[in-house]
Novice: 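Sharing a structure with you now.
Below, read A as the first sequence line, B as the second, and so on, with proteins coming before strands; counting in each chain starts at 1. Here the structure is a predicted model, which means the values were calculated and not measured.
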Amino acid sequence: MNVRVRFAPSPTGFLHIGGLRTALYNYLFARHHGGTFVLRIEDTDQSRYVEGAEQDIIDSLEWTGMEIDEGPGKGGDFGPYRQSERKATYHEYAKQLVDQGQAYYAFDTVEEINEMRERLKKSGNPSPKYDSITRQSMKNSLTLSQDEVEKRMANGDEYVVRLKVPRKETVRFEDEIRGTVSFDTSGLDDQVLLKSDGMPTYHLANVVDDHTMKISHVIRGEEWLSSTPKHILLYKAFGWEPPVMAHLPLIMSPSGGKLSKRKAESEGIPVNTKDYIAGNYEPDALVNFLAYLGWSPGDDSEIHDMEELCELFTLDRVSKGGAVFNHKKLMWYNENYIRDHTVEELEPRVKELLDAEGYEIPSEEYLSKVIELLHERVSKIDEFASMGDFFFATPESYNEKALKKWKTNSAELVQAYKEKISELSGEEFEAAMLKDQLKEVIDAYDVGFGKLMMPLRIAVSGQGFGPDLFPAMELIGKEEVIGRLNTALEKLG
RNA sequence: GCCGCGUUCGUCUAGGGGUCCAGGACGCCGCCCUUUCACGGCGGUAGCACGGGUUCAAAUCCCGUACGCGGUACCA
């Protein structure tokens with residue numbers, strides 16, 4: 001089979017992290033089978049259209065390393081890839097269904113439909129529908145005379161096209177992830193196919209496009225599962241073979257429920273892909289993490305790059321239950337990937353971050369050494385700039401928590417140490433020597449290592465943690481280090 | 001409410017009748033390494049939602065209950 005899959009987001013906002021995972025699974029599936037990955041923009045709801053959303057989607061996919069084979073701006077043999085540009089096609093197919101007697105025109109206003117629902121509710125129907133029963137008492141081409149229908153259309157009256165959903169029928173389909181799923185049509189409305197503004201609904205557009213774009217597998221979120229019978233009915237009405245269906249488990253918030261913007265962000269989880277870009281996350285870490293959120297290759301492996309994931313990914317290994325987003329695990333992945341990158345790879349990116357902070361970088365070698373010293377310690381690349389700020393600027397204040405380690409005898413010890421290293425020549429001012437000097441001081445004062453180490457760290461870096469201090473001091477240089485010790489002695493006594 | 005889909009350590013998951021008094025990973029805790037911060041290494045903690053069946057045998061199959069999630073629009 002020629003595998004063709006699509007990622008079909010609607011441009012109603014920035015790309016959600018859940019959407020990104022859906023895209024990823026589609027992409028992995030496509031690449032695994034040597035197939036085609038299509039991006040289709042589902043912009044049929046003009047009232048929710050957000051300017052720039054489409055570009056955000058494209059940028060996000062590019063950032064994670066997913067290559068679009070066909071899509072807006074990219075082209076392909078099945079375009080256009082924006083649904084708003086395919087209106088004529090939908091009208092054609094909607095008309096076909098009406099002509100075949102499987103759909104009909106309906107002229108009811110929103111108010112009239114609400115009225116109908118109210119009325120039915122009052123008479124004891126808990127979930128009123130526009131269905132095979134109620135459509136008989138509504139204003140549509142099934143109840144109105146042909147004359148009347150034609151008159152209304154000619155008159156430019158607003159209308160929708162509705163699917164004639166059979167009264168009592170079981171719709172069954174195979175889901176690649178869930179197995180056989182069945183619904184009874186008695187729970188379905190006569191679905192609107194064409195809206196009164198001339199745009200198709202998702203249901204029509206998605207079926208028509210998936211068929212005309214020769215999509216072989218529909219891989220989408222579980223929120224679509226209940227709509228699938230409508231789609232199956234449509235394929236049947238058109239006489240088309242439906243694509244293989246696969247409904248992905250949803251990504252959940254740690255407190256339960258959908259990973260909504262408000263909820264997630266209050267729990268420290270960015271929801272939009274652009275926040276991960278702006279937040280300087282490693283794209284390969286995000287990809288690896290997301291791939292494992294609802295899928296696993298079945299062995300004990302955890303780390304795989306995009307290429308390996310493409311090779312490993314299969315739908316039968318996708319899990320059924322919702323997956324809670326675990327930010328700490330993401331950070332673990334992020335650390336892994338940072339450690340995996342070489343200093344050379346990191347350098348230009350770190351430089352950019354330092355530039356943005358306005359730091360002056362003495363030399364390329366200097367920067368390389370800083371990165372080396374911090375490489376195993378940072379969780380996110382921007383920490384090279386925050387944790388390593390003291391390599392580029394004299395600390396202006398001291399971390400409050402760290403200050404607790406500045407005890408009454410700290411000044412005395414630091415003073416003694418300063419005097420010792422002041423006598424070193426520039427050449428002697430290197431890590432091993434600096435460490436020896438420290439030993440001599442603590443021996444002389446008969447105190448433990450930490451007694452001098454912590455105050456020294458605070459004085460030099462302003463922080464209570466950070467890279468190996470001796471090579472750091474060597475890098476910063478004698479003059480600056482002694483200056484910082486003097487400042488600390490003044491400020492902290 | 002109705003319909004649908006789920007449910008294995010706190011979290012992501014492996015496991016699909018006997019090899020499982022359930023394996024890995026994150027987290028957490030402890031130890032080792034390091035007379036600093038980390039990395040790393042080793043170990044520990046903790047789970048088959050519940051109740052019935054079927055079977056010699058059930059985390060695994062069936063039924064029910066509970067709980068969670070999704071859907072129920074001229075939104076996608």
Side-chain angles (χ1 to χ4, degrees), chain A residues 8-12 42-45 47-48 83 106 108-110 113-114 117 121 125-130 158-162 175 177-179 181-184 186-189 191-203 205-206 220-229 247 249-250 252 254 256-258 289 292-303 317 319-333 335 339 373-378 387 405 435 438-439 442 447-457 461 463-470 472:
Chain A
S10 65
T12 54
E42 311 230 322
D43 54 349
T44 55
D45 186 352
S47 68
R48 291 209 302 160
Q83 292 187 327
D108 319 271
T109 63
V110 178
I113 294 170
N114 287 340
R117 292 208 172 104
K121 228 173 219 172
N125 184 340
S127 51
K129 276 181 250 331
Y130 199 123
E158 289 205 332
Y159 68 91
V160 300
V161 172
R162 282 183 183 269
D175 187 283
I177 294 166
R178 282 148 221 287
V181 180
S182 73
F183 287 82
D184 202 300
S186 61
L188 267 39
D189 269 279
Q191 201 56 50
V192 170
L193 265 23
L194 223 50
K195 300 186 271 188
S196 57
D197 66 359
M199 280 290 191
T201 57
Y202 170 83
H203 307 292
N206 139 78
R220 79 231 293 192
E222 196 188 350
E223 72 267 27
W224 294 109
L225 190 61
S226 337
S227 300
T228 306
H247 288 92
L250 264 23
M252 322 275 277
K258 254 204 295 203
F289 168 74
Y292 271 70
L293 207 58
W295 171 86
S296 92
D299 55 24
D300 287 344
S301 66
E302 300 282 343
I303 307 286
R317 299 211 58 88
S319 34
K320 301 180 193 2
V324 174
F325 192 105
N326 184 345
H327 190 259
K328 282 192 168 159
K329 187 146 192 183
L330 204 213
M331 291 316 291
W332 177 77
Y333 272 113
E335 288 163 11
R339 260 180 272 134
L373 285 172
L374 290 164
H375 202 177
E376 312 270 89
R377 283 154 240 262
V378 299
M387 197 185 285
K405 298 278 182 182
K435 193 170 184 176
L438 181 132
K439 278 180 193 158
I442 60 169
V447 293
F449 192 79
K451 286 280 187 294
L452 176 50
M453 194 64 223
M454 282 313 285
L456 208 50
R457 185 180 279 288
S461 75
Q463 299 162 344
F465 57 90
D468 197 350
L469 194 59
F470 301 109

Novice: Partner lookup for B:rA73, please. Criteria are Watson-Crick or G-U wobble with both distances under 3.5 angstrom; report none if nothing qualifies.
Specialist: none
Novice: Under 4.0 Å, counting only non-hydrogen atoms across every strand here, what does A:Asp108 touch: a base, just sugar-phosphate, or nothing?
Specialist: base
Novice: Nearest to the side chain of A:Met453, which nucleotide is it out of B:rU36, B:rG70, B:rC74?
Specialist: B:rU36
Novice: Please report, rounded to the nearest Å, how far the C1' atom of B:rG27 is from the CE atom of A:Met331.
Specialist: 14 Å
Novice: Please name the nucleotide paired to B:rU34 by Watson-Crick or G-U wobble geometry with both distances under 3.5 Å, or report none.
Specialist: none
Novice: If each of A:Lys258 and A:Gly321 is mapped to the nucleotide of RNA chain B with the nearest heavy atom, which maps nearer the 5' terminus, i.e. the 5' end?
Specialist: A:Gly321
Novice: Using a 4.0 Å heavy-atom cut-off, does A:Gly448 contact any base of the nucleic acid, only the sugar-phosphate backbone, or nothing at all?
Specialist: nothing
Novice: Using the six-membered ring wherever Trp is involved, compare the ring planes of A:Trp295 and A:Tyr292 and label them parallel, tilted or perpendicular (cut-offs 30° and 60°).
Specialist: perpendicular
Novice: In whole Å, I'd like the distance from the CG atom of A:Asn125 to the P atom of B:rC2.
Specialist: 13 Å
Novice: Within the 4.0 Å heavy-atom criterion, would you say A:Phe183 contacts the bases, only the backbone, or no part of the nucleic acid?
Specialist: sugar-phosphate
Novice: For a quick test of reading the model: is some side-chain N or O of A:Arg339 closer than 4.0 Å to OP1 or OP2 of B:rG40?
Specialist: yes
Novice: Looking only at heavy atoms, which two atoms of A:Val378 and A:Glu335 are closest? And how far apart?
Specialist: O-CG, 3.9 Å
Novice: Quantified in whole Å, what is the P atom distance between nucleotide B:rG30 and nucleotide B:rC48?
Specialist: 26 Å
Novice: Considering only B:rG71, B:rC75, B:rU36, which nucleotide approaches the side chain of A:Ser226 most closely?
Specialist: B:rG71
Novice: May I ask you to say what A:Phe465 touches in the nucleic acid, namely base, sugar-phosphate or nothing, with a heavy-atom cut-off under 4.0 Å?
Specialist: sugar-phosphate
Novice: On RNA chain B, does the nearest nucleotide to A:Val324 precede the nearest nucleotide to A:Ser182 from the 5' side, or the other way round? Give the residue.
Specialist: A:Ser182
Novice: Roughly, in whole Å, what's the span from OH in A:Tyr202 to C1' in B:rG71?
Specialist: 13 Å
Novice: State whether the distance check finds a donor on one side and an acceptor on the other, under 3.5 Å, for side chain A:Ser196 versus base B:rC74.
Specialist: yes
Novice: Within the structure, does a side-chain N or O atom of A:Lys129 lie under 4.0 Å from either OP1 or OP2 of B:rC2?
Specialist: no
Novice: If B:rG43 has a Watson-Crick or G-U wobble mate with both distances under 3.5 Å, name it; if not, just say none.
Specialist: B:rC29
Novice: Counting any heavy atom closer than 4.0 Å, what does A:Leu469 reach on the DNA or RNA strands: base, sugar-phosphate only, or nothing?
Specialist: base
Novice: Across the strands shown, which category fits A:Gly450 at heavy-atom distances under 4.0 angstrom: base, sugar-phosphate, nothing?
Specialist: nothing
Novice: Taking B:rG15 as the reference, what is the distance to B:rC61 when you measure between their C1' atoms (whole Å, please)?
Specialist: 16 Å
Novice: Can you identify which nucleotide, out of B:rG4, B:rU72, B:rG68, has its nearest atom closest to the A:Met252 side chain?
Specialist: B:rG68
Novice: If you compare all heavy atoms of A:Ser127 against all heavy atoms of A:Asn125, which two are closest, and at what distance to 0.1 Å?
Specialist: N-OD1, 3.1 Å
Novice: When both hydrogen-bonding distances must be under 3.5 Å and the geometry is Watson-Crick or G-U wobble, what is B:rC5 paired with, if anything?
Specialist: B:rG68
Novice: Can you tell me how far C1' of B:rC74 sits from CD of A:Gln191, to the nearest Å?
Specialist: 10 Å
Novice: For nucleotides 23-26 of chain B, which of its nitrogen or oxygen atoms have a protein nitrogen or oxygen under 3.5 Å away, and what is each distance?
Specialist:
residue	atom	partner	partner atom	Å
B:rA25	O4'	A:Glu302	OE2	2.8
B:rA25	O2'	A:Lys329	NZ	3.3
B:rA25	N3	A:Lys329	NZ	3.3
B:rC26	OP1	A:Trp332	NE1	3.3
B:rC26	O2'	A:Lys329	N	3.4

Novice: A side-chain contact here means heavy atoms from C-beta on lying under 4.5 Å apart; do A:Trp332 and A:Glu302 qualify?
Specialist: yes
Novice: Measuring only between side-chain heavy atoms, which start at C-beta, is A:Lys451 closer than 4.5 Å to A:Ile442?
Specialist: no
Novice: For the pair made of CD1 in A:Ile303 and P in B:rC12, what is the distance, rounded to whole Å?
Specialist: 18 Å
Novice: Can you tell me how far apart CZ (A:Arg220) and NE2 (A:His247) are? Round to the nearest 0.5 Å.
Specialist: 4.0 Å
Novice: Write down the distance separating the C1' atoms in B:rA22 and B:rA46, rounded off to the nearest Å.
Specialist: 13 Å
Novice: Tell me whether A:Arg457 contacts the main-chain N or O of A:Pro467 through its side chain, where contact means a donor paired with an acceptor under 3.5 Å.
Specialist: yes
Novice: Would you kindly give the CD-to-P distance between A:Glu222 and B:rG68, to the nearest whole Å?
Specialist: 16 Å
Novice: Examine B:rG15: is either OP1 or OP2 under 4.0 Å from a nitrogen or oxygen in the side chain of A:Arg317? Give yes or no.
Specialist: yes
Novice: When rounded to the nearest Å, what value does the distance between C1' atoms of B:rA66 and B:rA49 take?
Specialist: 8 Å
Novice: Would you tell me if any nitrogen or oxygen in the side chain of A:Ser319 comes within less than 4.0 Å of OP1 or OP2 on B:rU13?
Specialist: yes
Novice: Is there a side-chain contact between A:Trp224 and A:Asn206, using heavy atoms and a 4.5 Å cut-off?
Specialist: no
Novice: Hey, is the main chain of A:Gln463 close enough, under 3.5 Å, to the side chain of A:Ser461 for a donor-acceptor pair?
Specialist: yes
Novice: Using a 4.0 Å heavy-atom cut-off, does A:Gly221 contact any base of the nucleic acid, only the sugar-phosphate backbone, or nothing at all?
Specialist: nothing
Novice: For B:rG27 versus B:rG41, give the span between their P atoms, rounded off to a whole number of Å.
Specialist: 12 Å
Novice: Nearest to the side chain of A:Leu225, heavy atoms from C-beta on, is which of B:rU36, B:rC5, B:rA76?
Specialist: B:rC5
Novice: With syn defined as a glycosidic angle within 90° of 0 and anti as the rest, where does B:rC39 land?
Specialist: syn
Novice: Measuring only between side-chain heavy atoms, which start at C-beta, is A:Phe449 closer than 4.5 Å to A:Leu438?
Specialist: yes
Novice: Is the distance from OP1 or OP2 of B:rU35 to the nearest side-chain N or O of A:Lys435 less than 4.0 Å?
Specialist: yes
Novice: I need the CD-C1' distance between A:Glu223 and B:rG6, as an integer number of Å.
Specialist: 15 Å
Novice: Select one nucleotide: of B:rA76, B:rU72, B:rG4, the one nearest the side-chain heavy atoms of A:Ser227.
Specialist: B:rA76
Novice: Please measure how far the C1' atom in B:rC21 lies from the corresponding atom in B:rA57, and state the result in whole Å.
Specialist: 15 Å
Novice: Quick one: are A:Arg178 and A:Glu222 in side-chain contact, heavy atoms under 4.5 Å?
Specialist: yes
Novice: Is A:Thr44 near enough to B:rA76 that one of its side-chain N or O atoms lies under 4.0 angstrom from OP1 or OP2?
Specialist: yes
Novice: Is the phosphate of B:rA76, meaning OP1 or OP2, less than 4.0 Å from a side-chain N or O of A:Arg48?
Specialist: no
Novice: Is the phosphate of B:rG1 approached by A:Ser127 (side-chain N or O, under 4.0 Å from OP1 or OP2)?
Specialist: no
Novice: Tell me the interatomic distance from A:Met454, atom CE, to B:rU34, atom P, rounded to whole angstroms.
Specialist: 20 Å
Novice: Is A:Val192 close to A:Tyr130 at the side-chain level, that is, under 4.5 Å between some pair of heavy atoms?
Specialist: no
Novice: Write down the partner of B:rC61 under the Watson-Crick or G-U wobble criteria, each distance required to be under 3.5 Å.
Specialist: B:rG53
Novice: Roughly how far apart, to the nearest Å, are B:rG17 and B:rC26 at atom C1'?
Specialist: 31 Å
Novice: When you compare B:rU60 with B:rG18, how far apart are their P atoms, in angstrom units rounded to a whole number?
Specialist: 12 Å
Novice: Indicate whether OP1 or OP2 belonging to B:rA76 is found under 4.0 Å from a side-chain N or O atom of A:Lys195.
Specialist: yes
